[in-house]
Amino acid sequence: MLKGVAILLVFQSIGEVVAHFTRGVVPGPVLGMVLLLVVLVARKKIEPAIAQAADGLLANLSVFFIPAAVGVMLYASSLQQSVLAWTLAIILSTIAAISTTALCLRFLLKRTENSGNKSP
């Protein structure tokens with residue numbers, strides 16, 4: 001698992017370097033994740049060490065929300081001033097996320113059905 005975490009951190013670091021030098025609006029970890037995706041798609045296989053590290057991180061994903069929850073509690077009085085805006089943003093972003101997921105699923109299902117109907 002250590003090798004997999006090291007690989008993930010290398011890609012995150014590369015993303016940070018790219019973000020620093022390009023001064024873009026995309027954060028470094030996101031660039032690193034996209035770069036990792038490109039490499040994995042190009043290789044057409046996932047190295048077991050990366051899969052093991054990713055599974056370990058996903059299994060403990062809830063731990064990563066603790067700092068955010070502490071921040072919300074710390075700034076609760078400030079957040080109360082804009083509770084309507086926060087509520088609206090949460091509702092609209094949830095609707096947007098569910099709609100986008102549904103549309104992508106519909107597209108992929110149609111694509112899968114169409115590729116299954118073709119005879120060789």
Side-chain angles (χ1 to χ4, degrees):
M1 185 167 170
L2 188 59
K3 179 182 176 185
V5 171
I7 292 169
L8 294 175
L9 289 174
V10 165
F11 276 97
Q12 180 181 356
S13 298
I14 293 170
E16 289 285 359
V17 169
V18 171
H20 176 73
F21 285 116
T22 60
R23 299 181 195 251
V25 296
V26 180
V30 174
L31 291 174
M33 184 173 56
V34 169
L35 182 62
L36 176 62
L37 175 66
V38 168
V39 169
L40 292 176
V41 168
R43 292 185 68 198
K44 296 185 180 178
K45 74 173 202 167
I46 298 174
E47 189 170 329
I50 296 174
Q52 184 182 13
D55 289 341
L57 289 171
L58 287 174
N60 298 299
L61 191 61
S62 60
V63 173
F64 296 116
F65 289 103
I66 292 173
V70 170
V72 167
M73 297 307 294
L74 185 63
Y75 295 105
S77 60
S78 299
L79 293 173
Q80 284 177 344
Q81 297 172 359
S82 56
V83 71
L84 181 62
W86 279 102
T87 303
L88 188 62
I90 290 170
I91 291 171
L92 291 177
S93 63
T94 301
I95 291 170
I98 291 172
S99 301
T100 303
T101 303
L103 291 172
C104 288
L105 180 62
R106 180 187 294 174
F107 170 76
L108 292 172
L109 286 174
K110 283 184 181 180
R111 184 175 165 190
T112 304
E113 288 173 1
N114 288 341
S115 66
N117 291 338
K118 294 179 182 176
S119 57

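Everything numeric here is computed off the predicted structure, so don't read it as measured data. This chain uses plain numbering: 1 for the first residue, then up along the sequence.
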Quiz item: How long is the span from the CZ atom in F11 to the CG atom in L37, to the nearest 0.5 Å?
Solution: 10.5 Å
Quiz prompt | Any side-chain heavy-atom pair of W86 and V83 under 4.5 Å | solution = no
Quiz item: What closest approach, in Å, do A97 and T101 show between heavy atoms, and which atom pair accounts for it?
Solution: O-OG1, 2.8 Å
Self-check item: Beyond-backbone contact of L88 with L84, side-chain heavy atoms, under 4.5 angstrom
Solution: no
Quiz item: Rounded to the nearest 0.5 Å, how far does CG of L36 lie from CD1 of I46?
Solution: 8.5 Å
Quiz item: What distance separates L79 CG from M73 CE, expressed to the nearest 0.5 Å?
Solution: 10.5 Å
Quiz item: Roughly how far, to the nearest 0.5 Å, is CD1 of I98 from CG of L103?
Solution: 12.0 Å
Practice problem: Please indicate whether L2 has more than 12 foreign heavy atoms, meaning atoms of other residues, nucleotides or ligands, lying under 6.0 Å from its CG. | Solution: no
Quiz prompt | Transitive ILVMFWY side-chain link F64 to M1, under 4.5 Å | solution = no
Exercise. Report the residue from V17, V26, I14 that forms a side-chain contact (heavy atoms from CB on, under 4.5 Å) with L31.
Key: V26
Quiz item: For atom CZ of F21, is the number of surrounding heavy atoms from other residues, nucleotides or ligands below 6.0 Å larger than 12?
Solution: no
Quiz item: Rounded to the nearest 0.5 Å, how far apart are CG of L40 and CG of L35?
Solution: 9.5 Å
Self-check item: Minimum-distance pair of heavy atoms, taken over all atoms of A19 and P27
Solution: CB-C, 4.3 Å
Exercise. Using modelled atom types only, decide if a donor and an acceptor are shared between the side chain of S99 and the backbone of A96 within a distance under 3.5 Å.
Key: no
Practice problem: Following the transitive rule for hydrophobic clusters with a side-chain heavy-atom cut-off under 4.5 Å over Ile, Leu, Val, Met, Phe, Trp and Tyr, establish whether V72 and L74 coincide in one cluster. | Solution: no
Exercise. Evaluate the side chain to side chain contact (heavy atoms under 4.5 Å, CB included) criterion for residues E47 and I50: first the C-alpha distance (whole Å), next the side-chain angles of each, then the deciding distance (0.1 Å), finally the verdict.
Key: CA-CA 5 Å; E47 189 170 329; I50 296 174; 4.2 Å; yes
Practice problem: Give a yes or no on whether L57 and F65 share a hydrophobic cluster (residues Ile, Leu, Val, Met, Phe, Trp, Tyr; joining criterion: side-chain heavy atoms under 4.5 Å apart). | Solution: yes
Quiz item: Atom CG in N114, atom CG in L109: separation rounded to 0.5 Å?
Solution: 11.0 Å
Exercise. Answer with yes or no whether the hydrophobic clustering places L9 together with I7; edges join I, L, V, M, F, W, Y residues whose side-chain heavy atoms lie under 4.5 Å apart.
Key: no
